[in-house]
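All of these numbers come straight from a predicted model, not from anything done at the bench. Only this structure's heavy atoms are used, side chains among them; waters, hydrogens and symmetry mates stay out. In what follows, every chain begins at residue 1, and chains take the letters A, B, ... in the order their sequences are listed.
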Amino acid sequence: MQNAGAPRESFLERHRKVLLGLLAVLLFFAAWQAAFLVVPFNPLFISKPNLIAKAFVDLIADGDMLRDLGVSAMPFLYGFVSAAVVGIVVGIVMGWRVRVGYALDPLMTVFYATPLVALAPLVIVFFGVGVSGKAIIIFSLSVFPFIFNAQAGVRAVDRLLINVVRSLGGSEWDLYVKVIVPGVLPYIVAGARIAVGRALIGILVGEFFAASEGIGYAIARFGDLFALDKMFACILAIMVIAIVLTEGIRWAERAAFPWRVGR
Amino acid sequence: MSESRTIKAALASSDELAAPGKSLWHRIEPAALGIGSIVALLVVWELVPRLITLSAGTKLFFTTPSQVAGTLWRLFATGEIWTPLGVSASGFGLGLLLSIVVGLPLGVLIGRSRTLNDMIDPFITAFNATPRLVFLPLVMLWLGLGLWSKVLIVFIGALFPILINTYEGVRNADKVLINVVRSFGAKEWDIARLVVVPNAMPYIIAGLRLAIGRAVLGVVVAEFFGSESGLGVMMVQAAGRYQVDVVFSGLIIFAVLSLALTAMVQILEQRLSRWRPVHVSE
Amino acid sequence: MVACIEGRNVSLTFRPPNRGPVRALQGFDIDVQDGEFLSIVGPSGCGKSTFLNVVLGLIKADSGDVLMRGKPIAGPGTDRAMVFQEFGLLPWRTVLNNIELGLELKGVPAGQRRDVSQRFVQMVGLSGFEGHYPHELSGGMKQRVGLARALATDPDVLLMDEPFAALDAQTRDVMQVELLRIWHEAKKTVLFVTHQIEEAIYLSDRVMVMTKRPGHAKKIFAIDLPRPRDYEMRVTPEFNELKLQIWHALKDEITV
Ligand SMILES: Nc1ncnc2c1ncn2[C@@H]1O[C@H](COP(=O)(O)OP(=O)(O)OP(=O)(O)O)[C@@H](O)[C@H]1O
Ligand SMILES: [Mg+2]
């Protein structure tokens with residue numbers, strides 16, 4: 001297609017998307033910072049980027065932020081991992097055994113449509129503000145993407161492929177390794193990406209509610225103290241973690257399942 | 001989604017071929033099993049306190065479906081529910097409306113302009129990955145405990161599904177169709193009106209469905225942490241007083257609200273998509 | 001006499017982002033007379049669609065002149081209309097509403113639009129399908145809608161970019177006959193792009209063969225076969241002789 005001797009396109013052209021994105025982000029922070037020169041904002045209600053950056057560095061340096069993140073990480077891990085295990089098993093059974101699917105589909109749909117966070121106050125009152133209460137909230141929010149995606153993955157396994165492998169003399173093991181696992185795995189990973197977001201909601205709900213430590217608690221407390229720079233720093237930390245987790249999974253999806261790119 | 005549905009249908013029909021004599025049961029089996037499992041769950045739940053003796057502590061936290069039904073009935077019969085429900089509904093409605101009013105045009109704009117798309121993309125990725133709940137303390141600080149902090153929380157929750165789906169749909173607009181209308185002298189506005197928006201409609205509707213879920217979530221959490229009145233407030237207070245039946249009543253109202261709205265959107269979708277041979281999967 | 005469509009030394013290079021430039025047309029010359037049916041054949045990717053889009057006013061040439069009745073083409077206009085290969089029907093509009101598209105954008109009032117579109121529905125033989133959506137039509141029917149839509153604005157020039165390529169052979173034969181009938185009735189100038197030499201000869205007054213990219217005119221053949229033409233004509237020696245000549249002109253340009 002390319003004509004010979006065509007000039008190499010410039011650096012700007014090739015990295016246009018990244019450069020424009022970076023430019024926009026820089027512009028955003030610059031405008032934010034500059035706005036304070038024009039309007040005398042009340043520092044009790046808003047902070048500016050240089051102060052937030054300083055607060056961020058301070059919180060990391062004195063270990064406060066890492067400690068809070070560590071406290072939040074425990075229930076996050078417990079809730080998320082158990083949601084993955086339970087969700088994948090339930091989803092696979094629902095997808096594989098048609099009758100189980102019939103029986104549980106409507107129930108799961110109702111549960112999913114129900115804002116289960118609304119039970120958070122009850123869970124906290126019952127289980128307390130420790131690890132278990134938060135883990136249960138996280139579990140109940142993040143289990144459904146696993147269930148639905150594992151189920152969809154099993155159902156999407158091409159029956160024709162199963163017959164092809166069988167007709168070529170493949171064993172039951174070959175069936176699993178060559179057809180079913182590669183078919184279902186991408187769905188589960190996609191489910192994990194959605195579940196991560198919901199699990200993060202869970203940790204915040206749990207910690208806003210009633211807690212004495214954790215990153216969500218830190219945000220709420222700095223807000224109460226009108227320490228806006230520190231509050232923004234913690235919000236920023238959550239944003240970074242959320243982006244790293246979701247985009248990381250997305251990247252892994254692209255790397256591991258290249259045949260699904262474009263879906 | 002649609003893929004799994006077809007496969008389900010294919011499976012069902014192959015079952016039917018295998019057992020021609022049981023075709024009636026086969027047709028009602030999915031519904032029967034589905035309803036059966038829900039009924040079974042309710043019955044077991046109802047029977048638990050009658051069959052086993054719960055400890056005093058657990059009893060405090062236990063309610064039964066019949067109790068919840070009774071409480072729901074009482075809440076509506078006495079009219080007690082209308083004030084908090086109205087407060088929640090107005091926060092929900094305003095926030096959702098605002099997210100549509102902002103998300104739709106912005107989505108079209110970003111979808112049509114490559115430069116704008118490239119510039120806004122990092123922000124969308126960042127905000128979409130982040131649980132919007134993280135901004136709740138900030139929003140409360142800014143807007144207080146009244147209606148508007150609720151509206152803002154609902155708004156930022158519901159905005160992104162609508163925005164992202166709209167611009168995904170807009171970017172997918174058929175180039176040939178755009179050329180067709182341009183060849184008849186269409187301006188950018190006509191292109192949006194005649195091709196881009198109708199083409200994006202299925203995506204927008206799917207986004208709206210997601211947005212409803214997010215909006216309900218937004219109302220619930222906003223009311224849990226920073227409101228003076230509303231259904232969520234009622235639930236938190238009830239939880240503090242161990243009125244578990246009231247908490248569940250609130251939960252059911254929220255669930256019915258979101259299911260009803262989703263159903264409405266689905267009907268809207270069916271009316272709008274008569275021209276489509278197959279439904280676009282989400 | 002001023003030609004209806006005139007191209008003088010037209011050159012055009014595409015510069016797609018993130019890819020090398022593609023020279024589509026270079027030194028392209030053409031004259032289309034009023035009321036003439038002129039076909040263009042040429043190797044795939046030689047710039048045929050590109051030129052039609054220039055005439056339609058959707059893209060601009062880098063250099064050279066493209067004139068309609070002596071005036072440079074500045075953009076789309078109601079004196080020209082295109083029939084697209086992929087039909088280009090709005091899937092969410094019924095047959096009638098698709099045909100009305102051009103009139104609507106021209107600002108013709110609704111009642112008048114209805115009258116005109118009804119007339120063209122009949123002309124292309126789609127009575128009874130006015131309320132159907134495109135997905136409920138066969139390929140041949142869809143292309144009739146495309147044709148009716150192009151004719152509805154009463155353009156002087158009809159641009160047709162492989163309009164029958166997506167149709168099966170029999171439907172194609174029928175559509176060719178229909179097209180000749182409509183062309184004869186409506187007295188339009190037609191610029192027709194095709195890959196089928198036989199189709200080009202059967203329909204046209206002249207056939208232009210283009211070179212490979214960057215495309216320009218290689219040779220123009222006058223088709224002096226009598227009109228009205230019929231199906232049997234395709235097996236006459238004169239027809240086959242033309243077919244052979246055009247094939248020879250074309251085959252050197254085709255590289256696989
Ligand atoms: N929008 C565009 N951007 C970049 N390159 C383009 C664009 N449109 C066409 N081209 C290139 O210009 C050349 C001519 O394209 P054009 O569509 O005019 O060919 P064609 O003669 O109509 O071919 P075909 O017979 O296959 O339809 C091709 O190499 C094509 O890849
Ligand atoms: Mg072409």
Q: Determine whether B/Ile38 and A/Pro106 make a side-chain contact, defined as any pair of heavy atoms from C-beta on separated by less than 4.5 Å.
A: yes

Q. Chain A heavy atoms under 4.5 Å from B/Val134: which part of the residue, side chain, backbone, both or neither?
A. both

**Q.** Greatest number of heavy atom pairs closer than 4.5 Å to chain A - which of B/Ile35, B/Ile120, B/Thr130
**A.** B/Thr130

(Q) At a 4.5 Å cut-off on heavy atoms, which part of A/Phe226 comes close to chain B: side chain, backbone, both, or neither? (A) side chain

Q. In terms of heavy-atom proximity below 4.5 Å to chain B, should A/Met231 be classed as side chain, backbone, both, or neither?
A. side chain

Q: Hey, could you give me each pair passing salt bridge (charged side-chain N to carboxylate O under 4.0 Å, His left out) that has a residue in residues 107-117 of chain A? Not counting sequence neighbours.
A: none

Q) What distance separates B/Thr125 OG1 from A/Ile243 CD1, expressed to the nearest 0.5 Å? A) 7.5 Å

Q: Could you check which of A/Ala103, A/Ala242, A/Pro121 has the highest count of heavy-atom pairs closer than 4.5 Å to chain B?
A: A/Ala103

Q) Closest heavy-atom contact between A/Ile201 and B/Leu133? A) O-CD2, 3.8 Å

Q.
As an exercise: rank B/Thr115, B/Val247, B/Val219 by heavy-atom pairs under 4.5 Å with chain A and give me the winner.
A. B/Thr115

Q. Looking only at heavy atoms, what is the nearest atom pair of A/Val205 and B/Phe225, with distance?
A. O-CZ, 3.6 Å

(Q) For A/Phe126, is the CZ atom crowded, meaning more than 12 foreign heavy atoms sit under 6.0 Å from it? (A) yes

**Q.** Pairwise side-chain contact, A/Leu204 with B/Val221, heavy-atom cut-off 4.5 Å (strictly under)
**A.** no

**Q.** Heavy-atom side-chain proximity of A/Phe28 to B/Met119 below 4.5 angstrom
**A.** no

Q) Could you state the interatomic distance from CG (B/Leu138) to CZ (A/Phe232), rounded to the nearest 0.5 Å? A) 4.5 Å

Q) Using non-hydrogen atoms and a limit below 4.5 Å, what part of residues 259-267 of chain B faces chain A? A) B/Leu259

**Q.** Non-hydrogen atoms of A/Ile219 and B/Pro137 that approach each other most closely
**A.** CG2-CG, 3.7 Å

Q.
Ignoring hydrogens, what is the shortest heavy-atom contact between A/Ala24 and B/Phe123? Give both atom names and the distance.
A. O-CZ, 3.7 Å

Q. So what's closer than 4.5 Å to chain A heavy atoms on B/Arg114: side chain, backbone, both or neither?
A. both

Q. Looking at NZ of A/Lys17 and CG of B/Asp121, how far apart are the two atoms once the value is rounded to the nearest 0.5 Å?
A. 4.0 Å

Q. Which heavy atom in B/Leu141 sits nearest to a heavy atom in A/Phe45, and how many Å separate them?
A. O-CE2, 3.3 Å

(Q) In the structure I gave you, are the side-chain heavy atoms of A/Leu19 and B/Asp118 within less than 4.5 Å of one another anywhere? (A) no

Q: Starting at CG of A/Leu141, measure out to CG of B/Leu217 and round the result to the nearest 0.5 Å.
A: 7.5 Å

(Q) If you count heavy-atom pairs within less than 4.5 Å of chain A, which of B/Ser37, B/Ala255, B/Ala40, B/Pro131 leads? (A) B/Pro131

Q: Quick one: which of A/Gly223, A/Ala118, A/Ala220, A/Ala120 has the most heavy-atom pairs under 4.5 Å with chain B, could you say?
A: A/Ala118

Q: Using a cut-off of under 4.5 Å on heavy-atom pairs, state which of A/Thr246, A/Val110, A/Leu119, A/Leu23 scores highest against chain B.
A: A/Leu119

Q | Side-chain touch A/Leu122/B/Met235, heavy atoms, less than 4.5 angstrom | A | no

Q: Select one option (side chain, backbone, both, neither) describing which atoms of A/Ile215 are under 4.5 Å from chain B's heavy atoms.
A: neither

Q: Supply the atom-to-atom distance A/Leu104 CG to B/Leu33 CG, rounded to the nearest 0.5 angstrom.
A: 9.5 Å

(Q) Could you report the tightest heavy-atom contact between B/Leu41 and A/Leu107, atom names first, then the distance? (A) CD2-CD1, 4.1 Å

